[in-house]
Amino acid sequence: MDPSALNSPDLQRFLNQEKEKAMVNEMVAKLTSVCWDKCITSTPGNKFSSSESACLSNCAQRFMDMTMIIMKRVQSMQET
Amino acid sequence: MDSFTTGSSGSGSSQLSTDQFIDQMKAQLAQAYAEEFLEIVREKCFDKCITKPGLSLSGSESSCISRCVDRSSRLPVSLAELF
């Protein structure tokens, strides 16, 4: 294989898109797992109660908030 | 793989020397380990610090997360000292 083909912009664009898709998939899977455990505490009914829905929505957003805090913290630790 | 053989013949900058390849692999491994560790920290800290997700992060939740991250990052070093 011609090594210069590895530098083609098309390939780079494709790889970046696939990487982003993989990251999104992973985030969705993680949020589903974490928030289900946290919010669905009793036997699941045939639809989410309003408190369960609110909890799930809050959970996903707080998880993202927390991710930001952690990233900033790690960054500042690396700088010291 | 031809592109990873020693490029002492000077036949093009796209060929990596073995040393460069090893360095690159080490860097990528270190990066992968760090990301994996952060994943664990994220999960555990969320577990411990956010018991009932609200409309925003409370002050106590935020400081819990900060403490959790600080403490977690000291753990691998302490564990490594056991070996």
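Residue numbers begin at 1 in each chain, while the letters A, B, ... track the order of the sequences. Source: prediction; values computed, not measured.
- Listed by chain and number, the hydrophobic cluster partners of A:M71 are A:M68, where partners are ILVMFWY side chains within reach of under 4.5 Å, directly or through others.
- The parts of A:R62 that come within reach of chain B are both its backbone and its side chain, each placing non-hydrogen atoms under 4.5 angstrom from that chain.
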Side-chain donor-acceptor pairs of residues 26-38 of chain B under 3.5 Å, sequence neighbours excluded:
unit_1	atom_1	unit_2	atom_2	d
B:Q31	NE2	B:E35	OE2	3.2

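- Atom CG of B:L55 has 12 or fewer neighbouring heavy atoms from other residues, nucleotides or ligands inside a 6.0 Å radius.
- Using non-hydrogen atoms only and a strict 4.5 Å limit, the part of residues 15-36 of chain A facing chain B consists of A:M27, A:K30, A:V34.
- Rounded to the nearest 0.5 angstrom, A:T67 OG1 and B:E39 CD are separated by 8.0 Å.
- In terms of heavy atoms, A:C39 sits closest to A:E52 at O-CG, 3.9 Å.
- Between the side chain of A:K38 and the backbone N or O of B:D47, at least one donor-acceptor pair lies under 3.5 Å.
- Between the side chain of A:Q12 and the backbone N or O of A:P9, no donor-acceptor pair lies under 3.5 Å.
- In this structure, B:D70 CG and A:R73 CZ are separated by 4.0 Å, a value rounded to the nearest 0.5 Å.
- For residues 53-61 of chain A, heavy-atom neighbours of chain B at less than 4.5 Å comprise A:C55, A:N58, A:C59, sorted by residue number.
- Residue B:E61 does not touch chain A at all, counting heavy-atom pairs closer than 4.5 Å.
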Steps toward disulfide bond (SG atoms under 2.5 Å apart) verdict (B:C68, B:C45) = CA-CA 6 Å; B:C68 180; B:C45 293; 1.9 Å; yes

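- For the pair A:I40 and A:P44, the tightest heavy-atom approach, listed with the atom from each and the gap, is CG2-CG, 4.3 Å.
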